[in-house]
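Below is one structure, written out as structure tokens, with a few remarks after it.
None of the values given here were measured: they were computed from a predicted structure. Just so you know, residue 1 is the first one in the sequence shown, and it goes up from there.
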Amino acid sequence: GISVTSIQYQDNKPCLELITEGRGILGLLDEACVAGDGTDHGLLDRLETSFSNHQCFKKQRVQSNQFTVKHYAADVPYNIEGFIVKNKDTLKDCVVQLFVNSR
């Protein structure tokens, strides 16, 4: 027969939950965008407060505008600059005008 070697995979669920679940990174990002007065550094402060004890989140001590997510393959640093602007879903003016003119 064919010899098969068992491969152990690291469970990535904690990392995925950190990013996507409820008040995870994306949830807090959405809240900052909806509030309208959120700032990138305010978001970073909330992330650091919310996830300081999470196994997959690491605060960058040297770079004050970064945080790190410990993915299964490697630690990945993220720069917070522009997070809120990049996440805002804006509609083109013609679409907004269409809604304004509709009844």
Side-chain angles (χ1 to χ4, degrees):
I2 299 175
S3 177
V4 177
T5 305
S6 177
I7 299 173
Q8 296 294 323
Y9 293 97
Q10 180 180 357
D11 185 3
N12 203 32
K13 186 175 181 180
C15 180
L16 294 174
E17 289 175 344
L18 168 69
I19 296 168
T20 62
E21 293 293 315
R23 293 183 53 84
I25 292 173
L26 294 179
L28 293 178
L29 175 59
D30 284 343
E31 285 179 14
C33 290
V34 169
D37 60 353
T39 65
D40 291 329
H41 288 279
L43 172 62
L44 182 59
D45 289 341
R46 289 188 67 196
L47 294 176
E48 291 172 348
T49 300
S50 299
F51 305 121
S52 62
N53 294 321
H54 195 285
Q55 66 185 11
C56 296
F57 184 88
K58 184 167 66 173
K59 178 181 177 178
Q60 289 288 4
R61 305 247 183 257
V62 178
Q63 296 288 332
S64 62
N65 61 341
Q66 291 185 350
F67 65 94
T68 297
V69 174
K70 298 177 183 181
H71 294 276
Y72 72 94
D75 290 1
V76 179
Y78 293 89
N79 187 317
I80 198 70
E81 301 297 328
F83 255 54
I84 292 178
V85 170
K86 292 175 188 174
N87 190 62
K88 287 187 177 179
D89 292 330
T90 56
L91 297 173
K92 293 186 178 192
D93 291 339
C94 62
V95 175
V96 172
Q97 195 60 42
L98 179 68
F99 287 132
V100 169
N101 293 335
S102 69
R103 292 183 191 218

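- Between Phe83 and Phe67, the ring-plane angle classifies as perpendicular under the 30° and 60° cut-offs.
- When all heavy atoms are compared, the tightest approach of Thr68 to Pro77 is OG1-CA, 3.8 Å.
- For the atom pair Arg23 CZ and Phe51 CZ, the distance stands at 8.0 Å (nearest 0.5 Å).
- No option in His54, Gln55, Lys70 other than His54 meets the side chain to side chain contact (heavy atoms under 4.5 Å, CB included) test with Leu18.
- One distance of note links OG1 of Thr49 with CG of Leu44; it measures 9.0 Å at 0.5 Å rounding.
- Rounding to the nearest 0.5 Å gives a distance of 11.5 Å between OG of Ser64 and CD1 of Ile80.
- Here the side chain of Asp40 pairs a donor or acceptor atom with the backbone of Gly82 at under 3.5 angstrom.
- In this structure the side chain of Ile19 reaches within 4.5 angstrom of the side chain of His71, judged on heavy atoms.
- Residue Phe57 is not grouped with residue Leu16 when hydrophobic side chains (ILVMFWY) are merged at heavy-atom distances under 4.5 angstrom, including chains of intermediate members.
- The structure places CG of Leu29 at 8.0 Å from CG of Leu47, a figure rounded to the nearest 0.5 Å.
- Summarising the geometry, atom CZ belonging to Phe99 is positioned 10.5 Å from atom SG belonging to Cys94; distances are rounded to the nearest 0.5 Å.
- Closest approach of Leu28 to Ser50, counting heavy atoms only: CD1-OG, 3.7 Å.
- Applying the side chain to side chain donor-acceptor pair (under 3.5 Å) test to every pair with at least one member in residues 6-17, sequence neighbours left out, gives no pairs at all.
- Lys58 contributes atom NZ, which lies 11.0 Å from atom CD of Gln66 (distance to the nearest 0.5 angstrom).
- Inspection of the Gln97 and Asn101 side chains reveals an N or O donor paired with an N or O acceptor under 3.5 Å.
- Proximity of Val69 to Asp75: side-chain heavy atoms (C-beta onward) are nowhere separated by under 4.5 Å.
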